[in-house]
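Small disclaimer: the values here were computed from a predicted structure and weren't measured.
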Amino acid sequence: MRRKLVAGNWKMNGSLAANTQLLAEIKAQFDGACDVAVCVPFPYLAQCQALLEGSAVALGAQDVSMHASGAYTGEVSAAMLSEFACRYVIVGHSERRGYFGETDELVAGKAKHAIAAGLIPIICVGEALAQREAGQTDVVVGAQIDAVLALLSTEEASGIVVAYEPIWAIGTGKTATPEMAQQVHAMLRSRLQIKHEDAASKVRILYGGSMKPDNAAELMAMPDIDGGLIGGAALKAEDFLSIVCKA
């Protein structure tokens, strides 16, 4: 059995005071029944590292450079993240792909660099509404994950996390049913099976399309949905913990 993972993506939110309160509430009520992580903005890594020390809640970042060091103003390397005890890092989030033009090849390079530094990349894939309506989901999402898998050995692939985030179901009022999500998750696992057979059963595939307390149990009951990448609900301890307890 793959152990469920619930990862909170704080996006560009938080403050020193709010972070302290949120993490105190999460730590106080988290029972360790699944894996839990919070992926926080870069300026708060040191604070959150200190707040989470000794707890079962893992720390993560929201992006990483594909370069180890050098003249890349504004970038943050995987080695830097490791110094703050980061365990996870999100790569290829739909907002990075959409707003900042990140390509499949760039995302693959970031994932490879993260793995080399001992981090676990949470590799995001997903399609837009027009692509889904055109029947291109498998082609688009398949190409996104294939670009990453092409760079990884089977051993490296065994340790990644994949997050399926249907862009059309995030903040649009449209929703993916558990069955619709499961269909894409199963396709992703089949891609893993083709590229790295020994890794396919080990990789956790999270759902990142607006998982909330009222739909988390149904989604995570699907055979290939191994947890969630949580956006807005991760900023409210009650909502986040409600999702965690359903994992």
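- Here the straight-line distance linking atom CG of Leu151 with atom NE2 of His113 works out to 13.5 Å at 0.5 Å rounding.
- Atoms CG and CD1, from Leu149 and Ile194 in turn, are 10.0 Å apart once rounded to the nearest 0.5 Å.
- Crowding of Glu155 atom CD: a count of heavy atoms from other residues, nucleotides or ligands under 6.0 Å not exceeding 12.
- By the 30° and 60° cut-offs, the orientation of the rings of Tyr207 relative to His185 is tilted.
- With hydrogens and angles left out, the side-chain atoms of Thr177 and Glu218 include no donor and acceptor closer than 3.5 Å.
- The main-chain N or O of Ile115 is never found under 3.5 Å from a side-chain atom of Glu156 such that the two would form a donor-acceptor pair.
- In this view, Asn13 and Lys11, Leu235 satisfy the side-chain contact (heavy atoms from CB on, under 4.5 Å) rule, not counting sequence neighbours.
- For Arg3 (side chain) and Cys34 (main-chain N/O), a donor-acceptor pair under 3.5 Å exists by modelled atom type.
- A donor-acceptor pair shorter than 3.5 Å cannot be found between the side chains of His93 and Gln62.
- Under the 3.5 Å distance criterion, with hydrogens and angles disregarded, a donor-acceptor pair is assigned to the side chains of Glu25 and Gln21.
- Going from atom CG of Leu51 over to atom CG of Asn19 covers 7.5 Å, rounded to the nearest 0.5 Å.
- Taken to the nearest 0.5 Å, the CD1 atom of Ile123 stands 12.5 Å off from the CG atom of Leu229.
- Between Trp168 and Gln131, every side-chain heavy-atom pair lies at or beyond the 4.5 Å cut-off.
- Within a 6.0 Å sphere centred on CD of Glu179, other residues, nucleotides and ligands contribute more than 12 heavy atoms.
- The pair Asp35-Arg87 does not count as a salt bridge, with every side-chain nitrogen at least 4.0 angstrom from each carboxylate oxygen.
- Atom CG of Leu129 and atom CD1 of Ile167 lie 10.0 Å apart (nearest 0.5 Å).
- Of the possible polar contacts, none joining the Lys110 side chain to the Leu106 backbone as a donor-acceptor pair under 3.5 Å is found.
- Residue Lys212 qualifies as open at atom NZ: its count of foreign heavy atoms under 6.0 Å is 12 or below.
- For the pair Arg191 (side chain) and Ala143 (backbone), a donor-acceptor distance under 3.5 Å is absent.
- Residues Leu22 and Val57 fall within the same hydrophobic cluster, defined by Ile, Leu, Val, Met, Phe, Trp and Tyr side chains chained together at heavy-atom separations under 4.5 Å.
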